[in-house]
Asker: 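The structure under discussion is supplied below as structure tokens; questions concerning it will follow.
By convention in this document, chain letters (A, B, ...) are assigned in the order of the sequence lines, proteins followed by strands, and residues within each chain are numbered from 1. What's counted below: heavy atoms across the whole structure, side chains too, no hydrogens, waters or symmetry copies. Computed from a predicted structure; not experimentally measured.
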Protein chains: 2
Amino acid sequence: MATGDLMSRALAALEEIDGPVPVEVIHGLVDAEAVTGPMTIAQVADLLDMSPHTLRYYERIGLVEVARDAGGHRSYDAAAVRRLVFVARMRLSGMAMRDLQHYLRLADEGDDTVPERLDLLLEHRDTIRRQLRELTLSLAATEYKIATYGGHTGPSSAGET
Amino acid sequence: MATGDLMSRALAALEEIDGPVPVEVIHGLVDAEAVTGPMTIAQVADLLDMSPHTLRYYERIGLVEVARDAGGHRSYDAAAVRRLVFVARMRLSGMAMRDLQHYLRLADEGDDTVPERLDLLLEHRDTIRRQLRELTLSLAATEYKIATYGGHTGPSSAGET
DNA sequence: CTAGGACTTCGAGCGCACTCGAACGCAAAC
DNA sequence: GTTTGCGTTCGAGTGCGCTCGAAGTCCTAG
């Protein structure tokens with residue numbers, strides 16, 4: 001795990017507090033807390049906890065455009081970083097690459113596509129909610145099974161998993 | 001979506017009630033509500049909401065052994081179905097195939113491996129919990145973004161996603 | 001008797017999302 | 001001046017989890 005990656009810090013912030021996710025944490029996550037000046041590929045990779053290989057791959061398939069410095073090296077400006085933060089979070093929540101490509105293509109087309117983008121986001125929200133419900137159920141089932149193992153260490157019936 | 005699959009019904013049950021997941025729902029999910037007699041591959045596929053192809057694949061890689069009837073067709077007895085219910089739920093919660101193979105191999109080795117299986121379950125529980133936290137954060141971020149789109153339909157600044 | 005449909009085995013193919021390796025460039029450190 | 005190290009491009013390879021197709025078998029209905 002990278003030392004300074006965003007997700008880790010946001011999650012750590014959540015450990016401290018309880019109840020609904022506070023706006024500042026989201027803000028920190030969404031805005032990449034005011035990225036100052038251009039970053040190298042290694043810095044962005046560390047920030048997003050992914051490999052430089054993956055960042056080049058994302059650029060290759062058209063998720064971001066990245067400028068080059070005098071030496072031909074990638075130079076990620078604030079906009080590029082913000083975009084990648086968005087990509088990383090959406091990927092983490094299970095959005096497929098093609099949907100992400102679609103969304104970002106729309107974003108590049110300007111404000112006319114806002115309604116369509118909103119639809120995509122609403123759909124994605126529902127997907128996340130469904131995942132949350134399924135995971136909650138899986139967690140309950142796993143804990144149930146743990147309880148049957150941990151509750152008593154006696155013999156079990158044949159065929160048990 | 002299959003009409004009678006387990007997960008759908010468990011999720012539907014959860015819609016009705018609120019608060020912590022009740023034991024009966026878990027029981028229904030874990031025990032496949034008292035499977036009576038042997039089932040065909042099509043019936044199991046429908047129950048688990050997966051294709052016959054996938055069931056054959058699971059058997060091929062050693063996740064289950066399945067008996068054949070007089071005509072050479074697969075005949076899933078209650079134990080096989082229970083095992084597959086377990087497999088399906090673990091897969092849904094993101095457990096990798098190799099971990100599942102490992103776990104089931106241990107289960108086949110008998111009661112001596114209960115402690116090791118317990119360890120695997122505890123580890124998996126932590127994985128699910130981490131996923132839940134990350135998803136919750138992703139949901140909050142997505143809803144935040146939806147709010148910025150839905151809140152006002154005015155022009156946005158350049159480079160916005 | 002024949003046609004349909006659900007099943008069987010086997011191996012090959014696929015889509016996704018990376019991940020890697022090779023060969024090279026450039027710039028600072030020793 | 002050469003070594004170290006971080007970067008570059010390009011294409012190919014990997015691992016996962018299915019998914020499919022071909023060719024054949026078996027039972028049932030018409």
Side-chain angles (χ1 to χ4, degrees), chain A residues 2 5 7 38-77 80-81 84 86-104 124 127 131 134 138, chain B residues 1-2 5 7 38-77 80 84 86-104 124 127 131 134 138:
Chain A
D5 79 276
M7 200 67 188
M39 299 174 75
T40 68
I41 195 170
Q43 290 167 336
V44 178
D46 188 59
L47 179 74
L48 301 180
D49 197 27
M50 55 176 65
S51 75
H53 275 305
T54 303
L55 285 170
R56 290 188 203 104
Y57 167 70
Y58 282 178
E59 182 180 351
R60 184 160 53 173
I61 64 172
L63 292 187
V64 244
E65 284 184 28
V66 184
R68 303 298 136 111
D69 66 13
H73 289 193
R74 283 171 179 78
S75 177
Y76 292 83
D77 63 12
V81 173
L84 283 168
F86 176 75
V87 166
R89 189 161 13 72
M90 288 321 221
R91 284 293 303 129
L92 259 181
S93 57
M95 185 179 267
M97 296 303 276
R98 31 186 85 257
D99 293 349
L100 219 29
Q101 285 174 311
H102 182 194
Y103 184 95
L104 291 172
H124 186 58
T127 304
Q131 286 182 78
E134 291 184 0
S138 296
Chain B
M1 174 96 49
D5 80 275
M7 201 66 189
M39 299 175 74
T40 68
I41 195 170
Q43 289 168 336
V44 177
D46 187 60
L47 179 73
L48 301 180
D49 199 26
M50 54 176 67
S51 75
H53 276 305
T54 303
L55 285 171
R56 289 188 204 104
Y57 167 70
Y58 282 179
E59 183 180 351
R60 183 160 53 173
I61 64 172
L63 292 187
V64 246
E65 285 184 27
V66 183
R68 303 300 136 113
D69 66 13
H73 289 195
R74 284 171 178 78
S75 175
Y76 292 84
D77 63 12
L84 284 168
F86 176 74
V87 167
R89 189 160 14 70
M90 288 321 223
R91 286 292 304 129
L92 260 182
S93 58
M95 184 180 268
M97 296 302 275
R98 31 186 84 257
D99 293 349
L100 219 29
Q101 285 175 310
H102 183 193
Y103 184 94
L104 291 172
H124 186 58
T127 303
Q131 286 182 79
E134 291 184 1
S138 296

Asker: At under 4.0 Å between heavy atoms, which parts of nucleotides 12-30 of chain C does protein reach? Answer with one letter per nucleotide, 5' to 3': B base, S sugar-phosphate only, - none.
Answerer: ----SBBBB----------
Asker: Would you mind reading off the distance between B:M50 atom CE and D:dC20 atom C1', rounded to a whole angstrom?
Answerer: 18 Å
Asker: Rounded to whole Å, how long is the line connecting atom CG of B:L55 with atom C1' of D:dT19?
Answerer: 13 Å
Asker: Determine to 10° how strongly the helix from C:dC1-D:dG30 to C:dC30-D:dG1 is bent, judged from the axes of its five-pair ends.
Answerer: 10°
Asker: For A:V44 and A:L55, run side chain to side chain contact (heavy atoms under 4.5 Å, CB included): C-alpha distance rounded to whole Å, both residues' side-chain angles, the deciding distance at 0.1 Å, then the answer.
Answerer: CA-CA 8 Å; A:V44 178; A:L55 285 170; 3.8 Å; yes
Asker: Give A:R56 one of three labels, base, sugar-phosphate or nothing, depending on what nucleic acid heavy atoms sit under 4.0 Å from its own.
Answerer: base
Asker: State the CE-NE2 distance between B:M95 and B:H102, to the nearest 0.5 angstrom.
Answerer: 10.5 Å
Asker: Could you give the CD1-to-C1' distance, from B:I41 to D:dT19, as a whole number of Å?
Answerer: 13 Å
Asker: Look up atom OH in B:Y58 and atom CZ in B:R91, then write down how far apart they are to the nearest 0.5 Å.
Answerer: 5.0 Å
Asker: Are A:T40 and A:H73 side-chain neighbours, meaning at least one heavy-atom pair lies under 4.5 Å?
Answerer: no
Asker: From B:L100 CG over to B:I61 CD1, what is the distance, rounded to the nearest 0.5 angstrom?
Answerer: 8.0 Å
Asker: Working to the nearest 0.5 Å, report the span between CE of B:M7 and CG of B:D5.
Answerer: 9.0 Å
Asker: At what distance, to the nearest 0.5 angstrom, does OH of A:Y76 lie from CG of A:L48?
Answerer: 9.5 Å
Asker: Expressed as a whole number of angstroms, how long is the span from B:M39:CE to C:dC7:P?
Answerer: 12 Å
Asker: Show your reasoning for whether side chain to side chain contact (heavy atoms under 4.5 Å, CB included) applies to A:Y103 and A:H124.
Answerer: CA-CA 11 Å; A:Y103 184 95; A:H124 186 58; over 6 Å; no
Asker: Starting at atom CD1 of B:I61, determine the distance to atom C1' of C:dC10, rounded to an integer number of angstrom.
Answerer: 16 Å
Asker: Using a cut-off of strictly less than 4.0 Å, decide whether A:R74 has a side-chain nitrogen or oxygen near OP1 or OP2 of D:dT8.
Answerer: yes
